[in-house]
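A short worksheet on the structure shown next.
For clarity, every value in this text was computed on a predicted model and none was experimentally measured. Count residues from 1 along the sequence.
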Amino acid sequence: MNFAVVNLGCKVNRVESDDAAALLAARGRETREEDADLVVVNTCTVTGEAEKKTRKAVRRALRANDRALVVVTGCAAALDPSFFEGLDDRVEVVGKAALRERIAEVADALSSSQATLGEGDAVAAEEASVPVAHDGASLLRVGTGFRTRVGVKVQDGCDNACSFCIVHVARGRAASRPADEVVRECAAYAAAGAKEIVLTGINLGSYRDVGASRCDARETRLPDLLEMLLDETADLRAPNEPPVRFRISSIEPRDVGGDLVEVLARSEGRVCRHLHLPLQSGSSKVLREMARPYDAAAYLALVHELRERVSGIALSTDVIVGFPGETDGDFQETLSLSRACGFSKIHVFPYSRRAGTPAAAREDQVGAAAKAARAARLRALSDELRRADYARRAGSVELALVEEDGLATVESHHRVAAPPGAALGSLVPIRLPECPAEEL
Ligand code: SF4
């Protein structure tokens, strides 16, 4: 059974796709789409552009060969299953909840209907992906795709309702994995040699396990989970090697409380002192219309608190430009607040109208030219701020994860040249040179 997994979209999708690939790798061989009997396409709908790419990816999978079954899953498929089902009889839309079970079923059926693999093929399949642990919900492997940084999904869905967002509709209500299951999975990765684990979720800060509480606490929240992970993995390392570190993929400002700040401040880098803290706009008026539960002053106060209590923390963010009704004045407030926050990176998203959201129904949409101009202006500021953040760190020492192409990612998430000869996936101290990798 040959399979291919095509991923689009965010880090959560990436983790889910890797998980699907690991599950299928135990049953067959990962190949190009042209040679696959089964193609899984994990779709995205966060912007109009992402949706276009999704539709193209499914059509490409159908064109790649004329026999593969194409399983379409993810946010775009959840919102409009009939579009994908209407493309071809070979398309099957599967919800995220049923995905593991269904692709295992399909793969087993395909395997039994084909000649069994020859001995050489079986060895090749084994080498292509090395399962190292099985933890009920998660088949783990350390091999291609997992060698350096491992993503672990701990949460899905979102109970907020930002007025521009369709993802919370596609993903449904917030749900968290049991803490003990997450700890077992991360410990298995650490024992297998992973040095950086990125905790991911659609709304990670809402993580809450009511069934696995420690001590007298009624529920396990993200800071408690981090403490558990730090405890359980501290000794899972070879002599003279640093223990695995954890990175929080993205967290809403409302979910950064004193407990989390405390963990960040005390963990000495085992929880990376880097937070991705979506701002979305620097205008309190626009934030209110986006239904974001903070204003510009509250956001800035949080940034000041983080900088005061967590030495050397790096902060990156997401900003939407051209939200309906956004004026030049509102945009200027975004520029000013971004500067005051001293972000190390701003991911700039020109507003994309998503059908079914309150913002899409507004009549005061911003024109394409204004959106493009604001996006370019903010990206230029992002570059300037990134260079300034890096310049403040140049000459200091940070632990860096050695990745592909001779690059390494330091704790603050800047990328630098890896030390010659450093092993892929290792965590090594690096004195930050004058120039980050982007400038070389
Ligand atoms: S926090 Fe807002 S933007 Fe993020 S997934 Fe939830 S509703 Fe969407």
Side-chain angles (χ1 to χ4, degrees), residues 9-12 14 46-47 149 151 162 196-205 222 226 245-256 260-261 263-265 267 269 271-282 287 292 294 296 298-321 334-350 374-394 396 398-401 403 407-416 432 436-439:
C10 64
K11 282 186 187 144
V12 176
R14 180 72 267 160
V46 71
T47 61
R149 179 180 289 121
C162 300
E196 182 172 313
I197 294 175
V198 184
L199 301 182
T200 67
I202 294 299
N203 187 356
L204 183 59
L222 185 62
L226 285 164
R245 74 182 179 192
F246 295 87
R247 198 179 281 281
I248 297 169
S249 65
S250 174
I251 187 162
E252 288 293 319
R254 75 188 295 175
D255 296 320
V256 182
L260 182 65
V261 177
V263 176
L264 284 163
S267 75
V271 180
C272 290
R273 285 162 285 201
H274 164 238
L275 284 187
H276 186 78
L277 206 59
L279 167 64
Q280 306 302 10
S281 173
L287 287 170
R292 304 284 293 170
Y294 54 86
Y299 188 98
L300 186 59
L302 175 60
V303 167
H304 285 322
E305 184 190 349
L306 283 164
R307 295 218 183 275
E308 202 170 292
R309 293 186 55 197
V310 186
S311 163
I313 192 167
L315 298 171
S316 55
T317 198
D318 295 331
V319 172
I320 294 172
V321 294
T334 296
L335 294 175
S336 305
L337 185 60
S338 298
R339 202 174 273 288
C341 291
F343 293 122
S344 55
K345 169 97 186 161
I346 304 172
H347 294 265
V348 180
F349 297 91
R374 288 175 194 169
R377 177 78 188 83
L378 191 57
R379 286 189 182 119
L381 178 62
S382 173
D383 287 345
E384 180 192 326
L385 295 177
R386 177 179 54 74
R387 280 194 290 270
D389 184 86
Y390 186 87
R392 284 191 291 275
R393 299 171 192 280
S396 65
E398 292 189 26
L399 271 186
L401 183 73
E403 306 207 64
L407 296 174
T409 304
V410 298
E411 184 186 341
S412 56
H413 215 236
H414 290 285
R415 302 197 95 194
V416 297
L432 272 63
E438 294 91 337
E439 308 288 325

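Listed for the Ser344 side chain is a donor-acceptor partner under 3.5 Å among the backbone atoms of Leu315. Side chain of Ser249 to main chain of Leu199: a donor-acceptor pair is present (N/O by atom type, distance under 3.5 Å, no hydrogens or angles). Remark: the backbone N or O of Leu287 is not paired with any side-chain donor or acceptor of Gln280 at under 3.5 angstrom. Looking at Ser382, its side chain does come within 3.5 Å of a backbone N or O of Ile346 through a donor-acceptor pair. Side chain of Thr409 to main chain of His413: no donor-acceptor pair is present (N/O by atom type, distance under 3.5 Å, no hydrogens or angles). A side-chain donor-acceptor contact under 3.5 Å links Arg245 to the backbone of Leu399. Here the side chain of Glu411 pairs a donor or acceptor atom with the backbone of Arg273 at under 3.5 angstrom.
Pairing each heavy atom of Asp389 with each of Gly342, the nearest pair is OD1-O, 4.2 Å. When all heavy atoms of Val410 and Arg247 are compared, the pair lying nearest together is O-NH2, 3.2 Å. Closest of all the heavy-atom pairs between Cys341 and Val303 is SG-CG2, 3.8 Å. Taking every heavy atom of both residues into account, Ala375 and Pro350 meet most closely at CB-CG, 4.1 Å. Nearest approach of Ile313 to Arg393, heavy atoms of both residues: O-NH2, 3.4 Å.
One finds no salt bridge joining Arg379 and Asp383 here, because no Lys/Arg side-chain nitrogen approaches an Asp/Glu carboxylate oxygen to under 4.0 Å.
Counting heavy atoms from C-beta on, the side chains of Val12 and Arg14 never come closer than 4.5 Å. Asn203 places none of its side-chain heavy atoms less than 4.5 Å from the side chain of Ile251. Side-chain contact check for Arg254 versus Arg292: every heavy-atom pair is 4.5 Å or farther apart. Residues Arg387 and Pro436 form no side-chain contact, since every pair of their non-hydrogen atoms from C-beta on lies 4.5 Å or further apart. Looking at heavy atoms from C-beta onward, Leu306 lies in side-chain contact with Leu277 at the 4.5 angstrom threshold.
The NZ atom of Lys345 sits 10.5 Å away from the NE2 atom of His274 when rounded to the nearest 0.5 Å. How far CG of Leu385 is from OG1 of Thr317: 11.5 Å, rounded to the nearest 0.5 Å. The line from CG of Asp255 to CG of Leu204 is 8.5 Å long, rounded to the nearest 0.5 Å. From Tyr294, atom OH reaches atom CG of Leu279 across 5.5 Å, with rounding to the nearest 0.5 Å. One distance of note links CG of Leu378 with OG of Ser338; it measures 5.5 Å at 0.5 Å rounding. How far CG of Leu260 is from CG of Leu275: 6.5 Å, rounded to the nearest 0.5 Å.
For Phe349, there are no ring-ring contact (aromatic ring centres under 6.0 Å, His included) partners two or more places apart in sequence or in a different chain. Taking Ser250 as the reference, His276, Pro278 meet the side-chain contact (heavy atoms from CB on, under 4.5 Å) condition, with sequence neighbours excluded.
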Pair Ser267-Phe246, side chain to side chain contact (heavy atoms under 4.5 Å, CB included): steps then yes or no | CA-CA 10 Å; Ser267 75; Phe246 295 87; over 6 Å; no

Could you walk me through whether Leu381 and Arg339 pass side chain to side chain contact (heavy atoms under 4.5 Å, CB included), step by step?
-> CA-CA 8 Å; Leu381 178 62; Arg339 202 174 273 288; 3.3 Å; yes

Pair His347-Val319, side chain to side chain contact (heavy atoms under 4.5 Å, CB included): steps then yes or no | CA-CA 6 Å; His347 294 265; Val319 172; over 6 Å; no

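Residues Arg392 and Tyr390 have side chains that never bring a donor and an acceptor to within less than 3.5 angstrom of each other.
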